[in-house]
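Counting starts at 1 for both ligands and their atoms, following the listed order. Both backbone and side-chain heavy atoms feed into the values below; hydrogens, waters and symmetry mates do not.
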Amino acid sequence: MDIEKRIREIASELFSFLKEEKPSFFDKSGWKGKVVEWSMRDESFKVQLLRFIDVLPALKRDEVALRVFREYLDEAESAPSVLRQGADAFARVPAWISAPIIRTSVRSLARLFIAGANPKDAWASLDALRREGASLSVDLLGEAVVSDVEARRYAERYMELLNFLAPRFPVPENDTSRRDRLDISLKISSFYSQMEPLNWEGSIEKTTRALLPVLEKAQALGASVTFDMEHSYFKDLIIAIFKNVLSEFKGFPRGGIALQAYLKDTKKDLMELVEWAKEHKQRIAIRLVKGAYWDHETVVNRQKGWPVPVFLNKEETDRNYETLTEVLLKNAEFVYPAIATHNIRSISNALAMAEELSLPPDDFEFQALYGMADPVRRALKRMAVQNPVRVYCPIGELIPGMAYLVRRILENTSNESFFRKSFAEDIPLEELIQSPKPPHKKEEGPREGFSNEATTDFSHAENRRKIKEALAAVKKEFGKEYPLSLGKQEVFTEKKILSINPARPDEIVGRVSTAAKEEAEQAIEAAKKAQRSWGETPADERAAYLFKAAAEMRKRKFLLTALEVYETGKTIMEADSDVAEAVDYLEYYGRQMIELSKPRRLGRYPGEINEYIYEPKGIGVVISPWNFPLAIPTGMASAAIVSGNCAIIKPSGLSPVIAWQLMDIFKTVGLPPGVLQYLPGPGAEVGEFLVSHPEIDFIAFTGSKEVGLRIAKRAAETLPGQRNVKRVVAEMGGKNAIIIDDSADLDEAVKGVLESALGYQGQKCSACSRLIVLPDAYKEFSERLTEAMKSIVIGPPEEPSTFMGPLIDQGALKKVGGYREKGKQEGKTLLLREAGGEGYYLGPALFEVGPDASIAQEEIFGPVLSLMRAKDIDEAIAIANGTEYALTGGIYSRSPANIEKAKKEFRVGNLYINRKITGALVGRQPFGGSGMSGVGSKAGGPDYLPQFMNPKTVSENTMRKGVAPEREE
Ligand code: NAD
């Protein structure tokens, strides 16, 4: 029989029953239905509504809840007037009356989709469903798990859930029918707070360990277990954990996993799981869903420059869903299909397919979500469909519940929602049940213009293999000698800088020749020779060298990353980001120079042409630190040379081998000799000599405040014969603060603070070292953060499990250690973690102090955090602004008014809202501060290159003998 015809027949019949089962969510007679209707009509209202729902449970005090409610309503320009009037009336009522009304309303909206706050609370709803013949899968909603304690607590909650529910579900004798069996759904990443695909084996091992007790208990109580699917970044890892768990725990016969039809990869994953089940003779359940994180997948992957893993068009997902259903049903002997959808067309497709395959009803089931399942369940019942229908029932408190509620509202009100089309719009049946027809795809061509270099996606096995090989290859080169690069020559000098591995100080990464004054003079001579013809080289040719260098850098990406890991103690991911940033500078400044080289016509007056052009300054010194050992020297050096100057790099003595790689890359792409030279040596000698030299026209420096100020002073002194006043571009230190207000999302705040404060052990100029927290958030935030700081892994940076590696050297260890001692005296110690090992390891520390404590004022450059209280947002901003630095800063807040205030009053160069404060991207977040944090325009921004050039105005009188050309363009 024609299967398409049969699908439509079934769908029409099902639909006729479904129509009579309108969910209360769409019932316009009640207030919920009205709110839903408004939000479907008006996107801006919907966004504000969802945002308010998201923040509400975090608002502890009634006045704050009411204030934030008004702020959101004010932002929703077209909020329905009834609501506005209501809100105005609310404003006249004391907050203790109005705020609870708002809370109760949102709670009752949540109760549409969440079965209860805890198992006991949910039991009445679950039992009612069961009595009506539904099967159940129960899921515990949870906050993001940021520490071991929280992960353990999540597992315990499942044990409690099983203890409570399983006895209420008698174990069916006949194992082939899953109908009466309780199923629990698990969010796998909540079982191990440090789960990360880069740490593949470690994550599998640790997560499996954490899951086993729950699985054993489920087994003993006769329940089945389904692994929920999360963001695509975790997908392969979750599948691997699933297989590992089933292999280790052979007695566990009822494991299942969810797969998402919106992912382009899912067919391959499904086929592999079918093969796995055949091979292991273990029938696994597969829950086929469409996928709930579409926005996240499209936004986050685009932000990272990674391919978008989901189908962009809903019809493609629907089509894929049908294809996958077919694969599942045809393999029902090996896998147990759970068709989890509310879409009548998708359900009918499964039914028609099963009919054709003559599959008995117990061989597969349907699933639907609590709060949305009833129409589907009842329609199937009225059609006498015999398959089990399982209702997915989330249980949880309000805070974690809100994220879930927001997803459900979004899903139901989206233009593509089957329910919306069925219940809220009069879409003809024919249209609703037609076969999904994906549109013709327009191939996305390569993007023009600048876009950021993508960091490496370590969820791919191939990338994990490549970094492992690169680490081994770099290790083989340990101890190699590196020369200076002077003009055409490579010069080996007697005196060497020993570059050591801070994780194992007895390992010498490289022996690097050291320059003295003599070599510095030679370098200046070579630069003088090269400068003229280089300055006259057309800008696009100069830029082309940068583009070639970028391509060469991409080729060496894994090796450069591995080298950074060994030479500077960066973790793999931190090093990988540094390499990507270096590529960005080359691509960005190259393009910018091409633009700047076009003469700009100023004014439009007859008889004259005024042009604005740039000329190179001459010869410059690039003095770089060790903490972004490739990106910073690449940025400063490429900006200097692409502007037509010659530059001498004086890298930090702690990262000279990576800087040598930069030199080598430019040599490989054929940069003319003398344009860029490499001159490592002691800062106080060769660095200072270059800075003071009369032939030097500019200095690009990044490093500490002390050295930066010294350079500024030395550069200001003019010597006889000097032709230029030196330009100094200096990026210096920071003492950066993050404010956590009383509306902050603490899941996000804890994660963001961890990365900002402890990423690269706190050795970033942008690192967070001060936390300013408002009273309502203080206790919970400080407790969660302390636990999270205890849970991160400290170890050798080449290990994929490591979050924090060693400090850069013995001096840093001593200095930061000194601040830990000071912290103990100046305030209350909340955490002082030790970290032994042969390298320069130091655990993180957290102190509660006053804003004037020295540890809250001085740049520390290590993992020492000051925590401070502020009574309100004004005081918080005043404390944040109360240092001599002004580099980066951040605020975690969901109050529109507080965010606005921070935008206006927080005095920093880079302000970050609801995200980490490190990791500025070239072209997207140009970087640099003011105050004692630096002088000059932002790196990676539109004003950077002109600092290395002299602007020139050329004005030509085009009128001769009273005649002017008619028209001048
Ligand atoms: P540092 O100031 O000790 O050294 C920076 C560079 O200056 C090195 O190459 C060093 O050899 C050289 N140098 C030292 N004394 C000199 C002198 N008298 N004359 C000329 N050159 C001299 O800094 P570091 O320890 O390498 O780096 C950490 C510092 O850098 C921190 O303070 C950090 O905040 C800052 N930093 C700032 C930014 C930014 O963009 N604002 C970025 C990264 C690092």
Looking only at protein heavy atoms, which one is nearest to [atom], and what is the separation?
atom	answer
atom 13 (N) of ligand 1	Gly683 CA, 3.6 Å
atom 34 (O) of ligand 1	Glu859 OE2, 2.6 Å
atom 10 (C) of ligand 1	Lys650 NZ, 3.6 Å
atom 36 (N) of ligand 1	Cys765 CB, 3.5 Å
atom 12 (C) of ligand 1	Ile623 CG2, 3.5 Å
atom 27 (O) of ligand 1	Pro625 CB, 3.3 Å
atom 18 (N) of ligand 1	Glu688 OE1, 2.7 Å
atom 41 (N) of ligand 1	Met732 O, 2.7 Å

TODO: Flag this pair as yes if the NZ/CZ of Lys570 is under 6.0 angstrom from the six-membered ring centre of Tyr760 and inside a 45 degree cone about the axis; otherwise no.
DONE: yes
Open item on the list: Please check this pair: side chain of Asn452 against backbone of Gln303, looking for a donor-acceptor N/O pair closer than 3.5 Å.
Closed with: no
Open item on the list: Please check this pair: side chain of Gln810 against backbone of Tyr840, looking for a donor-acceptor N/O pair closer than 3.5 Å.
Closed with: no
Open item on the list: For Gly934, state whether at least one heavy atom is located under 4.0 Å from any atom of ligand 1.
Closed with: no
Open item on the list: In this structure, does ligand 1 have an atom that sits under 4.0 Å from one of the heavy atoms of Ser624?
Closed with: yes
Side chains of [Y] and [X]: any donor to acceptor distance under 3.5 Å?
X	Y	answer
Asn950	Lys617	yes
Tyr566	Glu507	no
Glu826	Ser854	yes

Atom [atom1] of [X] with >12 non-hydrogen neighbours under 6.0 angstrom:
X	atom1	result
Glu494	CD	no
Glu518	CD	no
Lys713	NZ	no

TODO: Using distance alone, decide if ligand 1 has a nitrogen or oxygen within less than 3.5 Å of any nitrogen or oxygen in Gly703.
DONE: yes
Task: Polar proximity ligand 1 side, Ile632 side, N/O cut 3.5 Å exclusive - done: no
Task: Option passing side chain to side chain donor-acceptor pair (under 3.5 Å) with Gln661 (candidates Glu564, Arg556, Glu552, Glu567) - done: Arg556
Side chain, backbone, both or neither: the part of [X] lying under 4.0 Å from ligand 1 by heavy atom:
X	answer
Thr702	both
Pro651	backbone
Pro682	neither
Leu690	neither
Asn627	side chain

- [ ] Give the ring-plane orientation class for His693 versus Phe689, where under 30° counts as parallel, over 60° as perpendicular and anything between as tilted.
- [x] perpendicular
TODO: Return the set of residues passing side-chain hydrogen bond (donor to acceptor under 3.5 Å, both in side chains) with Arg915 (not counting sequence neighbours), or none when no residue passes.
DONE: none
TODO: Compare Gly733, Ser704, Ala767 and give the one whose heavy atom is closest to atom 2 (O) of ligand 1.
DONE: Ser704
Could you list the atoms of ligand 1 found under 4.0 angstrom from a heavy atom of [X]?
X	result
Phe701	2 (O), 5 (C), 6 (C), 7 (O)
Phe927	39 (C), 40 (O)
Trp626	24 (P), 25 (O), 26 (O), 27 (O)

Task: Aromatic ring proximity Tyr944/Tyr589, centre distance under 6.0 Å - done: yes
